[in-house]
Structure formats: C-alpha cells, structure tokens
Amino acid sequence: MKGAPLQDEVRAGRLELDEKVRAEDLLYGSLFHTEDRKYFWWGLAAAVVLHVLVLIAPLPEFKAEPPPKVAQETPRVVRYVPPPPKIERKPIQPRQLTRKVPIPDPTPDEPEPIREPEPEIEPEVLPPDAEFLIGEPEPPPQTGPLIPGVGGVSHPKKLVEVKPEYPELARKARIEGRLTVTAIIGKDGVPRDIQVLTCNRPGLGFEEAAIAAIQQWRYEPAMQNEKPVEVIVTIDVEFTLQ
C-alpha cells in the first residue's frame, strides 16, 4: 500500500525532532542551574547554531494524494414499450378446385318460330292543292291581357279623356296628389279592372277620383296580327292646385 511508507517517514521525522528538543532542554538546564557560568556564552552560541541548523534543515515533504475519483454513472431512463399484441393466424385451408361439367340438354331442339314479315308503310299521298307552311308555326294565342310593345302588340291610342275632380278635403288642405294605376284596355277600348299601385297622399280621396275618371276614358284597342287584343297599361294621374 502507498500509505505505509508515508506513515513511516512521518514517524521518523517526529522522533528526530523530539531528540533535538530533548538535547536543547538538557543544554538549557546545565546552563541556568549550575553555579559555574563560564560555559554560559558557549552554550548560548551552541543553542543559536542548533536553532539555525533546525531552521535550515529541510523537513520531509508530505504530499497528500487526492482520493481516487469514482466514476459516476449517469442514470438511464428506459421507456416502457408494451409488447406487440399477439395475432392469431388461422391456418390457410387449401382451396379445392372445382371443375364445371357440362350438363346435356335433355330437350330436343325446338324448331324456330315462323315470323311473318312486317307490312310496309306506304307514303301518304297529298293532294295537289295542299299548302305547305315554311318556317316556325305561330304560337298559340295567349290567355289574359298582353303587354303593349311585346310580341307585335301595338299601343292603344287614347280617344276620350275626362279630368278627375279634385277632392274637397285635399283642396281645403292645399295638398296635391300623384298616383300610379293599372288598367286593362279591352278589345272594345273600354278600361276595366283599375287598381291603384302608389299614392303619395292616401286617404284624402285621390284614389276614388282617379278611378272614377279613368272609367270614362275610351281608347282605340291594341292590335296584334291585325286583330284587337286586350292589353294592360300603366297610367300616371296628377292632382295640381290652380
């Protein structure tokens, strides 16, 4: 072991130092306790020299060795991984190959049925005086009133116009009115089914006065293909104070 020689050296150094101290004690005792002091100065000089030698003499060096390093192991974290699930494998059964065996037809061959030829369609013979229409046929007549300016429909022309009477309540309140009405002009040019769409001052008699006046108007009926037709028109009526 390395520690045994080191301990021996320390023990030997201590014995040597004890012997030097004991010699000094004997020297000082002989100097101060004797009646004869002729050797005092010689003893003092020897003591000084001895101390100098003790101070100069090298002492053994004691080097303490560091303790051996113990390797520290770093902890390892191991993650638990569950085992894979067991898969039961079914044994594969051998596939049996089947062979189709044709079965003979027990019935004898039947004769094919006799098919009669279809009669030929003779083309229709038109008379020599038949008329042919070239182009698109005329659309069927519309039901209900038409719109002027659409589909060859002309606008009806006003022949007789009667001004509406100003309502007395609106005249006293000095209020003017504006209305928009619709009417159906029949094939005879007489307005009917008159309805008020908008009125800026309702409830003052403008609606009744406008309807009563338009019922007395007369029109030249609208024409389509040189025939009179019913049309629906929009009429604006204004009541202004004079």
**OP:** Go through Lys157 and Tyr219 one step at a time and tell me if the side-chain contact (heavy atoms from CB on, under 4.5 Å) criterion holds.
**Re:** CA-CA 5 Å; Lys157 296 180 181 179; Tyr219 288 86; 5.9 Å; no
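- The environment of Arg192 atom CZ is dense: over 12 non-hydrogen atoms of other residues, nucleotides or ligands sit within 6.0 angstrom.
- The closest donor-acceptor contact from the side chain of Asp193 to the backbone of Ala183 lies at 3.5 Å or more, if one exists at all.
- Looking at Asp188, its side chain does come within 3.5 Å of a backbone N or O of Val190 through a donor-acceptor pair.
- Under the side-chain contact (heavy atoms from CB on, under 4.5 Å) test applied with Trp217, the options Leu159, Ile185, Val162, Val160 reduce to a single match, Val162.
- Heavy-atom contacts from other residues, nucleotides or ligands closer than 6.0 Å to CZ of Arg201 number 12 or fewer.
- In the hydrophobic clustering of this structure, Met223 does not group with Val150; members are Ile, Leu, Val, Met, Phe, Trp, Tyr whose side-chain heavy atoms approach within less than 4.5 Å, directly or through other members.
- Residues that satisfy the side chain to side chain donor-acceptor pair (under 3.5 Å) test with Glu207, not counting sequence neighbours, are absent from this structure.
- Classification of the Phe206-Phe239 ring pair by plane angle, with boundaries at 30° and 60°, yields tilted.
- Paired with Pro191 under the rule side-chain contact (heavy atoms from CB on, under 4.5 Å), one option of Gln216, Arg218, Gln215 passes, and it is Arg218.
- Taken to the nearest 0.5 Å, the CD atom of Glu226 stands 11.0 Å off from the OG atom of Ser154.
- Ion pair Glu176/Arg171 not flagged as a salt bridge, since none of the NZ, NE, NH1 or NH2 atoms sits closer than 4.0 Å to an Asp/Glu carboxylate oxygen.
- Cluster membership check: Ile194 shares its hydrophobic cluster with Ile235, using side-chain heavy-atom separations under 4.5 Å among Ile, Leu, Val, Met, Phe, Trp and Tyr.
- Panel note: side chain Thr180, backbone Thr198; no donor-acceptor pair is recorded below 3.5 Å.
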